[in-house]
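We count ligands from 1, going down the list as the structure has it; atoms in each ligand are counted the same way.
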Amino acid sequence: MLLTAGYSPALMNDNTQANPGPLPRKGDQVELLAIGIGSRGHVLAEASGIPVRIKGCAAPGDRVKVRLLRKGRGVFDGQLLEVLDASSEHTDPLCRHAGTCGGCSFQAVSYPAQLKAKRSWIQSALAESDLTHVPEVQPVIGMRDPWHYRNKMDFTFGSRRWIEEHEEQGVVADFGLGLHVPGRWDKVLDIEECLIAFPEASAILNSARRYARQQNLDPWDVKESRGLLRHLVLRKGFHTGEILVDLVTETASPERIDPFAAALLAAHPEITTMVQGIHARSAKVAFHEEQRILHGEGIIHEVLAGCTFEVSPTSFFQTNTLQAERLVECIGEAAGLQNGDVLFDLYCGAGTLGLCLANQQKDVRVFGFESVEAAVQDARRNAAANGAANCEFQVGDVRAVLEGSADGDLPRPDVVLIDPPRAGLHPKVPAQLAALKPRRMVLVSCNPVGNMVDLARLEFLGWHLTHVQPVDLFPQTPHVECVFTLNAAPLP
Ligand SMILES: C[S@@+](CC[C@H](N)C(=O)[O-])C[C@H]1O[C@@H](n2cnc3c(N)ncnc32)[C@H](O)[C@@H]1O
């Protein structure tokens, strides 16, 4: 049933409900006006006053035909069937996998509208938070060319390929190499072209699929937990041109893997190094229990803000090199470091941010803290390679490190840089930070809407939010990074 006039005529125009009519039900087809984008990235509409999250490539202002799917917690999911009338914020998706892949859910939203939406989520979250002083959110720093920006892609092999609607019956269904379809952990969509991956990635991906099938290498069966080929991780140093291929397999099987590697390397001389990671456990992420280097050094290099970093198959590195440089600039401005300052780099990963700041200001001392030992080893190696004698990195849980810092031999920090995981700070950490009495704190957040509680706690403890600068590290997706500056000085 297509519900239009009579069902909710007002909704057709402005989504208001003068005469809402019968309540919509699962399975109904309705025509709606998309009214905005929620902070989790769904384009939103309303059916008889009930919010609808649209699945598919729509933009705010589009008039759309949607089939209502399941309803949970007062919200319908709605499958987009057709864009009836595209708004000025609509742009036709460029990617042939848009709508199925789910990786770039913002593809139908023009890039200026994406940036506007990301800024407005942060503005709204600040306005609704417990903060008493809320500065204006600066316009999001976007990319001039918001495509082919990712320096790392993790593709999955699977024995259950997702068959697309346009495909004929009887096509090969037992071999897929690409990305999981949203909500289907068992199905892999063959990706032929990824427009956010670095430019060489798609050709390497397609060759890997072709040679693997030609050589009868079996892909991972996620239900049976067996199969030779598991992941294909591709990484590139944008400033060095170096490309790493990490093939993750269940067993070493050199008699089967080496001919495959030889074929891939012959077809793609741009690959500077190829590694085989081996692991038989059932983790869903690329992970190495053992490693064989099949070609080259086993690592690549990337340059960020004048520092050179070693990137191994498993090391953490910002995935958008060009925007990470913008991020470092913003953090540098926010930190306002002075000669002789001590900087704490909390949740420092492989030390990327602290090292870049230390490289720009050699008389600052940096102390980085991170819970993952391998990342700290990377940070120390990166510090040595860049001659950064002013940087020290320690393994430790931030809460425990801060608890011990009063009695230990760490100096008091002038500035604290905080780049926590998505979940934000442990509830005890804001008070520990306040006790250090730094001049300034800089909170770098990949989940700005979720960090409002942390900001409010810090304000309560005397650190006022003075500047908010979002940076778009993830175009075509609903993610955004944000640099929050907090000052100890009283507000004017
Ligand atoms: C968002 S990443 C920051 C990465 C780093 N700043 C960079 O730009 O490369 C968060 C980091 O926090 C680390 N981490 C998570 N919980 C932690 C904790 N309780 N104490 C210390 N580090 C933690 C993670 O291992 C991860 O490396």
Next on the checklist: Considering only residues two or more places apart or on different chains, which pairs with a residue in residues 299-321 satisfy salt bridge (Lys or Arg N to Asp or Glu O under 4.0 Å)?
Outcome noted: Glu310-Arg381
Item to check | Donor-acceptor side-chain pairing of Glu459 and Thr132 below 3.5 angstrom | outcome: yes
Checklist outcome for this item: Per the under 4.0 Å non-hydrogen criterion, ligand 1 touches Phe316, Gln318, Tyr347, Cys348, Gly349, Thr352, Leu353, Glu370, Ser371, Val372, Gly396, Asp397, Val398, Asp419, Pro420, Pro421
Next on the checklist: Is a donor from one side chain sitting under 3.5 angstrom from an acceptor on the other, for Thr314 and His288?
Outcome noted: no
Checklist entry - Can you list the residues that meet the salt bridge (Lys or Arg N to Asp or Glu O under 4.0 Å) rule with Arg53, with sequence neighbours excluded? => result Asp77
Checklist outcome for this item: From the list Gln318, Met143, Arg150, side chain to side chain contact (heavy atoms under 4.5 Å, CB included) partner of Leu473 resolves to Gln318
Checklist entry - Mind checking what makes salt bridge (Lys or Arg N to Asp or Glu O under 4.0 Å) contact with Asp186, not counting sequence neighbours? => result Arg184, Lys223
